[in-house]
Amino acid sequence: QSFAFGGIAYLGEIESLSIVDAAYPSEPLAQYKTGTLPADRGSYVQRLAKKGSILFVAHGIEGVRLLDVSDPYNPREVDEIPPGTDYSARFVLVEGDRLYVTEEKTVLFNAVLLLRIFDISTPSAPRPLGTKPVGSGYGGMTETIGAGHIAVRLSGEIRIFEVRDPAAVRLVSSIPG
């Protein structure tokens, strides 16, 4: 997973994050070990999103790591969002002052997905707003589609949710995909 902003690229690499200046791609500015558990235990960089100087790192069973990257030479962890019980953070998405986190857990050889929504008006101190089970199936890729809606891709379908009120997220459509 990679994310670029303002000439700086953030590259998720299993258990670490490389920060690269696009002007000098062969010389990483910094390497940061993002987790405390080994990748074979399910702890590795899944997806990245950024708001201001805070980089949100979906990091598997360790949840979401919040890194202050205002100094790209010295990223530092400022907070974390632990995953739900038995869940693993798979996707993060920033839209305005909201952080959407898709988590998954495996139950009897099938994935169960959960959508968690946080207020990030202060990016370094996320505040939970709502949680919604979104279905079963592998995937979990989450994208905004505007007007207070997000799409979550599951195995063989895309589910559209209205998220204007994070405490009352509701499914509005399900289409084959």
Side-chain angles (χ1 to χ4, degrees), residues 1-5 10-14 17 34-35 37 39-52 54-67 79-123 125-177:
Q1 168 67 25
S2 63
F3 182 82
F5 184 78
Y10 304 89
L11 311 168
E13 308 173 60
I14 304 178
L17 178 74
T34 55
L37 297 173
D40 64 355
R41 297 255 332 268
S43 177
Y44 50 92
V45 175
Q46 302 271 333
R47 291 283 191 254
L48 308 170
K50 188 172 182 283
K51 178 170 183 180
I54 302 299
L55 187 68
F56 299 91
V57 181
H59 205 275
I61 62 172
E62 292 192 66
V64 178
R65 303 292 214 198
L66 281 67
L67 303 179
D79 203 354
E80 66 180 44
I81 301 170
T85 303
D86 297 326
Y87 279 89
S88 189
R90 296 267 296 150
F91 293 91
V92 286
L93 172 70
V94 169
E95 180 71 25
D97 284 340
R98 298 241 177 109
L99 171 67
Y100 299 94
V101 179
T102 307
E103 299 179 349
E104 100 180 358
K105 73 176 174 179
T106 302
V107 178
L108 299 174
F109 306 105
N110 195 16
V112 176
L113 295 170
L114 183 69
L115 175 66
R116 297 174 68 200
I117 304 170
F118 296 86
D119 175 331
I120 54 169
S121 51
T122 303
R127 190 171 52 86
L129 295 176
T131 300
K132 173 76 174 174
V134 295
S136 297
Y138 290 96
M141 174 75 90
T142 306
E143 298 292 334
T144 59
I145 56 173
H149 293 81
I150 63 167
V152 178
R153 179 178 295 277
L154 299 168
S155 302
E157 78 178 304
I158 299 170
R159 292 189 175 177
I160 311 295
F161 292 90
E162 183 181 304
V163 293
R164 286 185 188 105
D165 178 357
V169 172
R170 66 183 188 91
L171 177 67
V172 294
S173 179
S174 181
I175 56 177

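Sequential numbering from 1 along the given sequence is applied to the chain's residues. When reading the values below, keep in mind they use all heavy atoms of this one structure, side chains included, and skip hydrogens, waters and symmetry mates.
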Run the numbers on T85 and K105 for side-chain contact (heavy atoms from CB on, under 4.5 Å), then give the verdict. CA-CA 9 Å; T85 303; K105 73 176 174 179; over 6 Å; no

Here the gap from K132 atom NZ to I150 atom CD1, rounded to the nearest 0.5 Å, amounts to 11.5 Å

On a heavy-atom basis, the closest approach of L113 and Y87 is C-CE2, 4.5 Å

Heavy-atom pair of closest approach, residues I160 and L171: O-CD1, 3.4 Å

Heavy atoms only: give me the nearest F56-V92 pair and the separation to one decimal. O-CG2, 3.7 Å

Might you point out which heavy atoms bring G63 and A89 nearest each other, and give the distance in Å? O-CB, 3.5 Å

Knowing that exactly one of I117, D119, D79 qualifies, which makes a side-chain contact (heavy atoms from CB on, under 4.5 Å) with P126? D79

Indicate the atoms forming the closest heavy-atom contact of A151 with I158, along with that distance. CB-CG2, 3.9 Å

Nearest heavy atoms of L55 and Y10, plus distance in Å: CD2-CD2, 3.8 Å

Do the side chains of R170 and D165 get close enough for a salt bridge, i.e. N-O under 4.0 angstrom? no

Gap separating the CZ atom of R116 from the CD atom of E103, nearest 0.5 angstrom: 4.5 Å

Look at the side chain of E104 and the backbone N and O of R90, then say whether any donor-acceptor pair between them is shorter than 3.5 Å. no

Can any side-chain N or O of R98 pair as donor or acceptor with the backbone N or O of P166 at less than 3.5 Å? no

Separation of T122 OG1 from K51 NZ (nearest 0.5 Å): 8.5 Å

Backbone N/O of V101 and side chain of R47: donor-acceptor pair under 3.5 Å: no

State the CD-OG distance between E162 and S173, to the nearest 0.5 angstrom. 12.5 Å

I'd like to know if the side chain of R159 and the backbone of V134 have a donor-acceptor N/O pair within less than 3.5 Å. yes

Once rounded to the nearest 0.5 Å, what's the spacing between atom OG1 of T102 and atom CD of Q46? 11.0 Å

Give a yes or no on whether E95 atom CD has more than 12 heavy-atom contacts from other residues, nucleotides or ligands under 6.0 Å away. no

